[in-house]
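Every chain is numbered from 1 and lettered A, B, ... according to where its sequence line falls, protein lines coming before strand lines.
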Number of protein chains: 2
Amino acid sequence: MEASLVRLPERNTRNRVTISHVADALGLTKSTVSRAMNGYSDISEATQLRVKRMAEKMGYHPLSHAQAIKTGRTRSLGLVLQFADHDAQRPFLAEFLAGVSAGASTEGWTLTVAATDSHSGLIETFRAILRDGKADGFILPRALCNDPRVHLLRKADVPFVLFGRQDNAEGCAWFDVLGEEAMQDAVRHLAGLGHRRIGFINGGQQYAYAALRADGFAEGMRLCGLDIDEGLIAQNAVTLEDGARAAAKILDHANPPTAIVCAVDFAALGAYRAAAERGLSVGRDLSIIGYDGIPEGAFAQPPLTTFAVDNRAAGHALATLLIRRVKGEPLETLRKTVPATFVKRDSTGPKSPERSTK
Amino acid sequence: MEASLVRLPERNTRNRVTISHVADALGLTKSTVSRAMNGYSDISEATQLRVKRMAEKMGYHPLSHAQAIKTGRTRSLGLVLQFADHDAQRPFLAEFLAGVSAGASTEGWTLTVAATDSHSGLIETFRAILRDGKADGFILPRALCNDPRVHLLRKADVPFVLFGRQDNAEGCAWFDVLGEEAMQDAVRHLAGLGHRRIGFINGGQQYAYAALRADGFAEGMRLCGLDIDEGLIAQNAVTLEDGARAAAKILDHANPPTAIVCAVDFAALGAYRAAAERGLSVGRDLSIIGYDGIPEGAFAQPPLTTFAVDNRAAGHALATLLIRRVKGEPLETLRKTVPATFVKRDSTGPKSPERSTK
DNA sequence: TCCCTTGCCGAAACCGGTTTCGGTCCGCAG
DNA sequence: CTGCGGACCGAAACCGGTTTCGGCAAGGGA
């Protein structure tokens with residue numbers, strides 16, 4: 001009769017209001033109350049109202065895991081974090097989490113998060129959560145080009161939403177910020193300041209956003225009638241160090257640019273360093289423009305002109321989208337994009353005439 | 001018969017291995033299998049082994065929410081984050097979360113997190129999670145002096161563990177880093193370098209750690225036979241700006257110190273700024289020592305001498321402790337402390353003779 | 001030999017919901 | 001007046017576990 005450990009006290013009988021209590025109070029049966037609460041049409045409007053009022057009054061909240069045993073759903077969103085990535089994820093995380101959790105809780109849902117280091121553990125983590133029914137769907141941050149998580153969930157027929165887009169949109173709902181539009185506007189902004197030789201430092205190519213932002217940059221150049229010099233383009237810069245290296249390469253070009261567009265703020269800050277090492281004053285000799293809106297950008301010298309992304313809003317939107325997805329709304333209505341917001345600070349300025357004579 | 005939305009497909013019948021399957025395969029009943037899995041002593045050793053083997057072989061994993069309906073427990077840890085706080089929480093968060101989630105998942109538990117902005121929403125969030133039975137216990141990061149969360153959970157008789165200690169230890173399990181020991185060692189380190197006038201910038205007084213670290217500093221001064229000048233002590237510095245202000249006050253003292261101990265790294269970096277504004281070279285004219293081990297410290301000029309806290313390990317430990325707490329282990333065995341690790345870098349150096357003549 | 005433990009397991013109730021299947025009442029056409 | 005189809009709700013099964021209670025057989029003491 002004894003378990004190996006101490007016998008645990010019952011916790012569920014803690015004077016909880018159950019569906020039976022509500023039913024008794026109204027002289028109805030559990031089944032009627034259940035269907036009324038769930039809005040079934042075979043319960044009259046009048047009864048539905050009566051039931052919902054009484055439930056409210058008595059403080060009845062259906063136990064999600066009691067429902068889950070039959071429905072298989074527990075009203076919780078899954079979020080699997082990967083920490084093997086570069087540090088860029090850190091400032092991002094807090095805001096994002098706040099948004100997701102806020103979005104979930106306003107709908108009465110909760111968030112279960114898991115983290116993995118290893119790349120292999122990733123899929124295993126998803127499987128474990130699904131096996132235990134701990135999440136009804138997943139939010140996938142940082143969409144990759146050919147995302148293994150998408151393959152897994154698509155095959156398992158589990159709802160998910162991406163932060164970022166996906167070429168093969170089958171089964172994909174998403175929320176994304178229009179990085180391509182931002183890159184295009186960045187070029188326009190610089191061209192408007194008189195810059196004609198403009199470099200581009202892209203982010204990690206494994207990410208879905210990289211190709212988009214590259215396209216945006218190219219489109220901007222085309223619209224402004226500017227030529228793209230492949231020597232002024234770098235890839236895969238996601239950290240400050242990456243950015244410094246990439247900018248160094250670009251600035252050491254025989255015919256260097258007077259401005260650089262960066263797909264990632266950290267890379268932009270790295271470009272600051274490369275500029276300093278070459279005696280270039282950012283904002284005067286060299287204009288730099290970033291993307292992300294990390295707090296460090298505002299404190300940099302000079303403050304970084306950038307396109308800010310509201311990660312909290314993104315998290316909120318993703319939570320809402322996923323909930324609607326789990327509820328069965330059609331995919332087409334669950335794809336949203338918003339523009340980044342341009343933040344003009346002091347790292348971009350008119351092309352300096354001295355350097356142009358070079 | 002129709003729900004308001006689209007009828008959702010059943011998900012639970014997805015060829016899941018249930019306890020009945022295992023029972024049938026062994027010619028036993030559900031109840032026997034259940035008790036065998038849970039290690040009840042009224043099931044023979046032999047049968048327990050048979051059952052567990054078969055469960056393993058068939059891939060049987062009990063559904064936590066099916067268990068929960070009777071036991072009230074779902075094998076999940078709760079974590080409620082507050083974002084109204086200062087930004088200092090950010091670098092902390094990712095590592096901590098990784099640790100908690102790793103600790104939970106190695107035990108087969110999961111983590112449900114929620115976030116609140118408002119101070120009032122905090123308690124409400126706890127209540128909602130408890131009401132829905134979404135967590136069996138809570139991890140409380142950043143213990144406050146008279147923590148309202150502790151009051152709530154103590155009264156509700158819900159298990160919890162603190163990151164930080166608590167004066168009234170009733171019902172409290174915790175994990176903490178010995179900040180007082182670090183402060184004491186900081187003074188010793190500086191005294192060993194010849195410093196005799198040492199300032200102290202403390203962190204937020206609402207936090208439980210503040211008093212401890214202040215004590216540690218005082219004890220260190222006493223042990224080294226140094227006098228404490230109240231004019232060289234400041235409180236409530238948790239951000240860089242706070243630290244700059246506090247350090248300014250201390251450095252503008254008629255008889256300024258040659259070294260400052262900071263209870264928080266951010267404050268230490270603020271002290272850098274104040275020092276620079278007064279033409280003092282950190283590490284030569286003024287020694288500064290911090291606590292936390294934030295990444296920014298390593299990149300500061302000069303790199304910051306500090307006491308590093310392993311937040312990932314802390315998260316891991318807290319998860320493990322909470323699980324044991326929920327399982328019913330006695331409180332006394334669930335209080336752990338570890339020392340911070342001293343990281344000697346370049347912001348501390350021997351007392352410069354020039355300044356001492358002043 | 002008989003009775004009483006003790007060890008071990010089965011039968012059935014139970015947890016808090018959802019869902020299937022009827023059954024009653026009513027209005028209305030035949 | 002009868003038959004019939006909705007509208008609306010109750011009865012009972014069910015979901016996947018846990019727990020209570022009791023039964024049976026083996027073993028030990030009197």
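Here Asp136(A) does not pair with Arg75(A) in a salt bridge; the nearest charged N to carboxylate O distance is not below 4.0 Å.
Between Leu63(A) atom CG and dT18(C) atom P the separation is 10 Å, expressed in whole Å. Regarding His61(A), its NE2 atom lies at a distance of 11 Å from the P atom of dG17(C), rounded to whole Å. For Arg16(A) and dC15(C), the CZ to P distance is 14 Å, given to the nearest whole Å. Residue Arg73(A) contributes atom CZ, which lies 18 Å from atom P of dG17(C) at whole-angstrom precision. If you take CD1 of Ile69(B) and P of dT19(D), they are 13 Å apart, rounded to a whole angstrom. Atom-to-atom, NE2 of His65(A) to C1' of dG17(C) comes out at 10 Å; the value is rounded to the nearest Å. If you take CG of Asn38(B) and C1' of dG16(D), they are 13 Å apart, rounded to a whole angstrom. Asp132(B) places its CG atom 14 Å from the C1' atom of dG16(C), with the value rounded to the nearest Å.
When all heavy atoms of Arg324(A) and Lys336(A) are compared, the pair lying nearest together is NH1-NZ, 4.2 Å. Contact detail for Leu144(A) and Arg149(A): the closest heavy-atom pair is N-NH2, 4.2 Å. Taking all atoms of both residues into account, the shortest heavy-atom contact from Pro141(B) to Leu79(B) is CD-CD1, 3.9 Å.
The side chain of Lys70(B) lies closest to dC15(C), out of dT19(C), dC9(C), dC15(C).
Although no hydrogens or angles enter the test, the distance criterion places a donor-acceptor pair under 3.5 Å between the side chain of Ser76(A) and the main chain of Lys134(A).
Checking the phosphate oxygens (OP1, OP2) of dT19(C), a side-chain nitrogen or oxygen of Tyr40(A) falls inside 4.0 Å. Between dG17(C) and Tyr60(A), a contact under 4.0 Å exists linking OP1 or OP2 to a side-chain N or O. Side-chain N/O atoms of Thr47(A) include one lying less than 4.0 angstrom from OP1 or OP2 on dC9(D).
DNA chain C is contacted by both Gln48(B) and Ala66(B); Gln48(B) maps to the nucleotide lying nearer its 5′ end (nearest heavy atom per residue).
For Gln166(A), the side-chain contact (heavy atoms from CB on, under 4.5 Å) test picks out Ala143(A), Asp147(A), Val150(A), Leu162(A), Cys172(A), Trp174(A), with sequence neighbours left out. Glu332(A) meets the side-chain contact (heavy atoms from CB on, under 4.5 Å) test with Pro330(A); sequence neighbours excluded.
When heavy atoms are screened at a 4.0 angstrom cut-off, Ser34(A) is found touching base atoms of the nucleic acid.
Listed in residue order, the members of residues 18-33 of chain B having a heavy atom less than 4.0 Å from DNA chain C are Gly27(B), Leu28(B), Thr29(B), Ser31(B), Thr32(B).
For dG17(D), the base has no donor-acceptor partner in the side chain of Arg35(B) [N/O atoms by modelled type, under 3.5 angstrom].
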